[in-house]
Number of protein chains: 2
Amino acid sequence: MKRSSISDIAKRLGVSNTLVSMVLNGKAKENRISEETIKRVFEVAKELNYQPNQLARGLRTGKSKTIGLIVADISNPFFSRIGRKIEDEASKYGYHVIFCSSDENTQKTKTLINVLNERQVDGFIISPTAGSQQQIKELLDSDIPVVLIDRYFTELETNYIAIDNYTSSYKIVKSLIVQGYKRIGSLFFNTDMVHMKHRMNGYKDACKEAGIQLDERWIRNVDFENLEESIKKEMKALISPEIDCDSFFFPTGELAVKSLEGLAEDDIHIFNHTGISCFDDPEAFHFSPFPVITLTQPINEIGNKAIDIIMEEIESENEVDSPRKVILDSHILERRYESH
Amino acid sequence: MKRSSISDIAKRLGVSNTLVSMVLNGKAKENRISEETIKRVFEVAKELNYQPNQLARGLRTGKSKTIGLIVADISNPFFSRIGRKIEDEASKYGYHVIFCSSDENTQKTKTLINVLNERQVDGFIISPTAGSQQQIKELLDSDIPVVLIDRYFTELETNYIAIDNYTSSYKIVKSLIVQGYKRIGSLFFNTDMVHMKHRMNGYKDACKEAGIQLDERWIRNVDFENLEESIKKEMKALISPEIDCDSFFFPTGELAVKSLEGLAEDDIHIFNHTGISCFDDPEAFHFSPFPVITLTQPINEIGNKAIDIIMEEIESENEVDSPRKVILDSHILERRYESH
DNA sequence: TTTTTTTACTAAAAGGTTTTAGTTTTCTTT
DNA sequence: AAAGAAAACTAAAACCTTTTAGTAAAAAAA
């Protein structure tokens, strides 16, 4: 059966659409609609099971009440947990979220920004990919609210929410060193996103300041495409007798998990005497028999702040002042599942 | 700067909106628009950086090109992985996905279905919660395409995609028994969703058929609200000397992980000689030192099928025949990270 | 009694698109 | 030369809201 519209209600009551719209939007009082009429409108609305058409409303008001979320991969727990928080917070404002995964692909990000724009999203929350500065700048130029999360571009004056990557990474590696490890291998994504650079620098400096002579061969890069293959190859190198690392630092949980999972059956044993450390406290290490140093990020705060900022921008018509740059705290966690 | 519309292009060229719309929608040929005009339309469209307003289009065509996904919790890896697949498949059809989490809450589900309806989603993919039969029936009655995933209602003639929960659960528990375990504790969600019942029956029958005398105390229920607390309490009972289980069966990965994580420090050691088994192969057990039996579900197939079915219903105007009931295969995985 | 104010309501436009049912001009036929 | 067909385009309605700028009738003030 056909959905009913405002004019169905209006016709039934013999009143104007205007009146019905006003009543249903709670503007009855200020427009001095009579109590009696108000009552009848609600009755008929209920009777016809009226549901406002948000497309029509959005078209008229210019607000879709939708925000676009673009992350690398929504099935990555780090992002899905942030996504969940964003969903919850947005819904408090009557907003819904379209989730999109960019796979760290510049072209895909560009397309996603475009199609979300066509859908008239009221704001973007983006964990940006290398090379999408231009696209994001265009959003800013057209005054569409944007908040970047997890990463940002130093050359772009945007809102962002992140952690102090340099210090976090420094602390992780420091902990590893305190535990006695001396030859710390690492795997970085091959990207020029600044957060990755910071994580690398923290790692390097922690080593240097502990008097560890960094071996260039300890630092490996992997590509987003063919990630699994890429990881296997570099890990093989790191655990080879020539390089012979006694521990690892991974700048993301994803990288850590995939690296360990990617090891050949024969190589897995090495973890019994190898130190593992990474960002993001992945679930995979919650019961690992080898000791792990992880970094918990403030997922809920990230989601919270992102919505706070985006809503402030959406709901204030006048330009919002300077961009908000939020750096949140992260925490080191030394995990070990004690068998026996 | 203001977004440009079809009529901006039309004005600029001195032609009608109709013509511009036709050209941009690739209907130029069938409406014999001249080559020259076509060219100019595209030029101006590009010059003005035209982006179609999908709200307006949706209003006019009655298609929002959006599908609503409702799951228990999008931060649960099982669902976020399905969500990712659905996102990818939907995008092949030009569709986007609004992700929503119901927290297994009937009222919330109801609200979500309503608001997604107001947004004119073209179809629903839902992992339904107990008590939402009525709401889903209403969707069916108003001919809105719906596919249920992971669970379904026996009393409702809907499309659904699931696995054979009884057999899966039977196989898991059987494997546990083959490994020599004899006192298998279990924790079920307190719900009357049929998938949970099936999983319970599979467990019971596997025990019975192996000649194991089921102790009622082995079967515990936990509530969705206060889940963590509820779990702690029941697990405490299961590992108590009176009940003294030598192994566990958990009907979802979430339950398994939370149960083990919820154990007090002092109790954790028990897992060194305890068999653990569960649905969903959670990442948390990928490096667990204790042996684990898990069940991998065909995530990608679930997402694929869901979109296949929903698209078929969306794109065929005439009634689609009988509901599609899809039962997919699942696989047992015996995991053990070999230390040494 | 006339004017002003208040009360309760409405007509119509606007937002951007698609689509139906044309129209006008030029070209072919007969 | 007239009729018919083809080519190239258009006017206007429709989708459903919200909002602006009212109006008509009743009540209050002068």
Side-chain angles (χ1 to χ4, degrees), chain A residues 2-41 44-45 48-66 94 115 117-122 317, chain B residues 2-41 44-45 48-66 94 115 117-122 317:
Chain A
K2 191 79 177 35
R3 286 181 224 249
S4 53
S5 69
I6 278 192
S7 53
D8 294 328
I9 301 176
K11 268 180 210 129
R12 182 78 82 96
L13 285 169
V15 299
S16 69
N17 291 359
T18 310
L19 184 147
V20 175
S21 169
M22 281 167 169
V23 172
L24 295 177
N25 287 297
K27 297 183 181 164
K29 284 280 124 54
E30 59 203 90
N31 291 89
R32 24 176 166 235
I33 313 295
S34 74
E35 284 303 334
E36 172 62 14
T37 312
I38 295 179
K39 206 179 110 226
R40 282 157 63 219
V41 168
V44 176
L48 297 184
N49 188 27
Y50 171 73
Q51 297 188 291
N53 182 327
Q54 298 292 353
L55 294 187
R57 181 178 281 172
L59 176 60
R60 169 65 228 220
T61 61
K63 295 257 145 288
S64 63
K65 291 270 188 177
T66 306
V115 294
N117 237 326
E118 292 182 355
R119 280 164 179 273
Q120 319 293 117
V121 298
D122 297 332
E317 21 260 67
Chain B
K2 192 78 177 35
R3 287 182 224 247
S4 53
S5 69
I6 278 193
S7 53
D8 293 328
I9 302 177
K11 269 182 210 129
R12 183 77 83 96
L13 285 169
V15 300
S16 70
N17 292 0
T18 310
L19 184 148
V20 176
S21 169
M22 283 168 168
V23 171
L24 295 177
N25 287 298
K27 298 184 179 162
K29 285 279 122 56
E30 61 203 88
N31 290 90
R32 26 176 166 235
I33 313 295
S34 75
E35 284 302 335
E36 171 63 14
T37 312
I38 295 178
K39 209 179 108 226
R40 283 157 62 219
V41 168
V44 176
L48 297 184
N49 187 28
Y50 172 72
Q51 296 189 291
N53 181 327
Q54 298 292 355
L55 294 188
R57 180 178 282 172
L59 175 60
R60 169 64 228 222
T61 61
K63 294 258 147 287
S64 64
K65 293 269 187 177
T66 306
V115 294
N117 237 326
E118 292 182 357
R119 280 163 180 274
Q120 318 293 120
V121 298
D122 297 333
E317 22 260 66

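Per chain, numbering begins at 1; letters A, B, ... match sequence-line order.
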| Can you tell me if the side-chain N/O atoms of A:Thr37 get under 4.0 Å from OP1 or OP2 in C:dC9? | yes
| field | Bending between helix ends of the helix from C:dT1-D:dA30 to C:dT30-D:dA1 [5 pairs per end, 10° resolution] | value | 60°
| field | Separation of atom CD1 in A:Ile9 from atom P in D:dT18, rounded to whole Å | value | 11 Å
| query | If every non-hydrogen atom of A:Ser64 is compared with every non-hydrogen atom of B:Leu55, which pair is closest and at what distance? | reply | CB-CD1, 4.1 Å
| Atom CE of A:Met22 to atom P of C:dA11: distance rounded to whole Å? | 13 Å
| task | Look at the side chain of B:Thr61 and decide which nucleotide, out of C:dC9, D:dC16, C:dT18, has an atom nearest to it. | result | C:dT18
| message | Students often get this wrong, so: under 4.0 angstrom with heavy atoms, is B:Ser21 touching a base, only sugar-phosphate, or nothing? | response | base
| task | Select one nucleotide: of D:dT10, D:dA14, C:dT10, the one nearest the side-chain heavy atoms of A:Thr18. | result | C:dT10
| said: Using whole Å, what does the distance between atom P of nucleotide D:dT18 and atom CG of B:Leu55 come to? | reply: 14 Å
| field | Sugar-phosphate, base or nothing in reach of B:Lys27, heavy atoms under 4.0 Å | value | sugar-phosphate
| said: Tell me if a side-chain donor or acceptor on B:Ser21 pairs with a main-chain N or O of B:Asn17 at a distance below 3.5 Å. | reply: no
| remark: Heavy-atom nearest pair, B:Val41 first then B:Ile9, reads O-CG2, 4.3 Å
| Would you say B:Ile6 and B:Tyr50 make side-chain contact, with heavy atoms under 4.5 Å? | yes
| message | Determine whether a donor-acceptor pair (N or O, by modelled atom type, separation under 3.5 Å) exists between the side chain of B:Thr18 and the backbone of B:Ser16. | response | no
| query | Can you check the A:Asn31 CG to C:dA11 C1' distance for me, whole Å? | reply | 15 Å
| query | So what does A:Ser5 hit on the nucleic acid, given a heavy-atom distance under 4.0 Å: a base, only sugar-phosphate, or nothing? | reply | sugar-phosphate
| message | At less than 4.0 Å, is any side-chain N or O atom of A:Ser16 found next to OP1 or OP2 of C:dT10? Yes or no. | response | yes
| Which part of the nucleic acid, if any, lies within reach of A:Arg57 when heavy atoms closer than 4.0 Å are counted: base, sugar-phosphate only, or nothing? | sugar-phosphate
| field | Between CZ on residue A:Arg3 and CG on residue B:Asn117, distance to nearest 0.5 Å | value | 5.0 Å
| Taking all non-hydrogen atoms of both residues, which atom of B:Leu48 and which atom of B:Arg12 are closest, and how far apart? | CD2-NH2, 3.1 Å
| query | Within this structure, what is the NZ-to-P distance between B:Lys65 and C:dT18, rounded to whole angstrom? | reply | 11 Å
| field | d(CZ, A:Arg119; P, C:dG16) in whole Å | value | 18 Å
| message | From C-beta outward on B:Ile33, which listed nucleotide comes closest to its side chain: C:dT10, D:dC9, D:dT19? | response | D:dC9
| Side chain B:Ser7 and base C:dT17 donor-acceptor under 3.5 Å | no
| Just checking, is any N or O donor in the side chain of B:Gln54 or A:Glu118 under 3.5 Å from an acceptor N or O on the other one? | yes
| query | Using a cut-off of 4.0 Å on non-hydrogen atoms, how would the nucleic acid contact of A:Ser34 be classed: base, sugar-phosphate, or nothing? | reply | sugar-phosphate
| B:Leu19 side-chain proximity, nearest of C:dG15, C:dT17, D:dC9 | D:dC9
| field | Nearest-Å distance for atom pair CG/P, residues A:Leu59 and D:dT19 | value | 13 Å
| task | Return no unless some side-chain N or O of B:Arg32 is found under 4.0 Å from OP1 or OP2 of D:dA7. | result | yes
| query | Hey, does the side chain of B:Asn25 come within less than 4.0 Å of C:dT18's phosphate (OP1/OP2), counting only N and O? | reply | yes
| message | Can you tell me which nucleotide in C:dG15, C:dT10, D:dA14 comes closest to the side chain of A:Arg60? | response | C:dG15
| query | Roughly, in whole Å, what's the span from CG in B:Asn53 to C1' in D:dC16? | reply | 14 Å
